2 protein chains.
Amino acid sequence: MSAVSCTAAVGRPRAFDMQTALEKALDVFWTKGYDGASLSDLTSAMGINKPSLYSAFGNKEQLFLKAIEFYESRPCGFFKPALEQPTAYEVAECMLLGAAKSMSDTSHPQGCVMVQGALSCSEAAAGVKEVLIDRRQQSESEVRDRFELAKNQGDLSKDEDSEALARYLCTVINGIAIQASSGATEKQLVDVAHMALKSFPRNS
Amino acid sequence: MSAVSCTAAVGRPRAFDMQTALEKALDVFWTKGYDGASLSDLTSAMGINKPSLYSAFGNKEQLFLKAIEFYESRPCGFFKPALEQPTAYEVAECMLLGAAKSMSDTSHPQGCVMVQGALSCSEAAAGVKEVLIDRRQQSESEVRDRFELAKNQGDLSKDEDSEALARYLCTVINGIAIQASSGATEKQLVDVAHMALKSFPRNS
DNA sequence: CTTGTATTGTACTAAAGAGTATATAACCCC
DNA sequence: GGGGTTATATACTCTTTAGTACAATACAAG
């Protein structure tokens, strides 16, 4: 009944840190994809047994959804900071360079779990595939909205097609994700980012 | 001993057409990926039983390899014809537009099996993933060589970096593959292709 | 028509998949 | 310290996985 109960400290306390375990699970899904990640892979990476996984996270699908939710909100993410750049061009530049650097970073799996988590997949993964498609579409819409804002702020010509610009940007970033997961180096991807920027309208 | 024996007509004849069955298998791998495609999926799509599959194609991995070999050599492919365009710019244009149209074509699964066949995957698929990475790298090298030829033929400035141009082109195409498999329309992808072309050096 | 060869369908195997039952252990509140 | 509650580890379930054994069948060559 207590409305201020924080973390419900009743019963045997959990012997593992949920956040740490979630990050380990993310690494597994990122590397192997939803279909390719078995519960054995997950539990051994997380350092827990199956009943602990199920009681803490529900099931494999819910674990995946929580993992990508964390992924999108990570402080080291490149997407949200880029949107806060002052001009549309700088948003594109920051996002492309951020993607190139982040996705080739060897301190975590290469590429982007939002892309490679479930691209072509079994029926069992159809749900998470849909979620990933929605999230990517959502991101594209955020970029488009940012470019619409730029038009109003005057740093992007009203003649430009915000939606097409956003789609182009996200397409290149998806391509960078594929290249990164194929082993491309940071320099190679940064070069690609710079080439892609040449297409982007610059005000000055 | 006969050196001219064609198709070895001894024993019970095969009751199905291997090429047709291979094309059905390709569709399954294209849609579900290597990990997501089960033998039941494959045999039912191919209209044969497992022993027929194993005797005709070896095993799941060899079937996949034969399927992508066919995929790459299909007459409707966009890659090889693009390389035969007269100038580097036209190669890029033809390839980007071809990718946009081919990958959104609804007469077969959307996207590109060379990308989505095995991106993030289980250990069981590690071998085919490596093969796909190699093939994509090979394609990139073919584009680079074509641009080197263009330099010699004079339609591409010797100051350009063929390798970087090829990588940029292939990155955008990979991105288009992701967008297509996420449901993007032909028009949307053609727009992306045109935007990407703006970065490409044009002679005239 | 017999013999040899290769394919076919059914039925099987062994392993791995996701998820769960249960008994035990660890904690808080009273 | 006892009762209620929750997490833990082991051991289990049932389904699906990739791959195969085998008997029956269909053809070509002789």
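Note on naming: letters A, B, ... go to the chains in the order of the sequence lines (proteins, then strands), and numbering restarts at 1 for each one. Fair warning: this is a prediction, and the values are worked out from it, not measured in the lab.
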Visitor: Atom CG of A:Leu53 and atom C1' of D:dA7: how far apart are they, to the nearest Å?
Guide: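 Between C1' of D:dA7 and CG of A:Leu53: 13 Å.
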Visitor: Does any N or O in the side chain of A:Ser181 come within less than 3.5 Å of the main-chain N or O of A:Ile178, such that one atom is a donor and the other an acceptor?
Guide: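 Judged by distance alone, yes, a pair lies under 3.5 Å.
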Visitor: So, is B:Ser52 near the phosphate of C:dT8, with a side-chain N or O under 4.0 Å from OP1 or OP2?
Guide: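 Yes, such a contact exists.
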Visitor: Round to a whole Å and report the spacing from CZ of B:Arg14 to C1' of D:dT25.
Guide: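 After rounding, the reported distance stands at 16 Å.
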Visitor: Say whether, by atom type as modelled, one donor and one acceptor occur between the side chain of A:Asp35 and the main chain of A:Ser122 under 3.5 angstrom.
Guide: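 A pair under 3.5 Å: yes.
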Visitor: Determine, for nucleotides 16-28 of chain C in 5'-to-3' order, which nucleotides have protein heavy atoms under 4.0 Å from the base (write B), from only the sugar-phosphate (write S), or from neither (write -).
Guide: -SBBBB---BBBS
Visitor: Please determine whether the number of non-hydrogen atoms from other residues, nucleotides or ligands lying under 6.0 Å from atom NZ of B:Lys66 exceeds 12.
Guide: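 Yes, because the 6.0 Å sphere around NZ of B:Lys66 holds more than 12 heavy atoms from other groups.
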Visitor: Determine whether a donor-acceptor pair (N or O, by modelled atom type, separation under 3.5 Å) exists between the side chain of A:Arg146 and the backbone of A:Leu83.
Guide: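 Yes.
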Visitor: Just the rounded figure in Å: distance from P of D:dT15 to CD of A:Glu123.
Guide: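 About 18 Å, once rounded to whole Å.
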Visitor: Using whole Å, what does the distance between atom P of nucleotide D:dA11 and atom CG of A:Asn49 come to?
Guide: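 Taking atom P of D:dA11 as the reference, CG of A:Asn49 is at 11 Å.
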Visitor: State, yes or no, whether a side-chain contact exists between A:Phe57 and A:Leu22 at a heavy-atom distance under 4.5 Å.
Guide: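 They are in side-chain contact.
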Visitor: Suppose we call two aromatic rings close when their centres sit under 6.0 Å apart. Are A:Phe200 and A:Phe147 close by that rule?
Guide: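 Yes - the distance between ring centres of A:Phe200 and A:Phe147 falls below the 6.0 Å cut-off.
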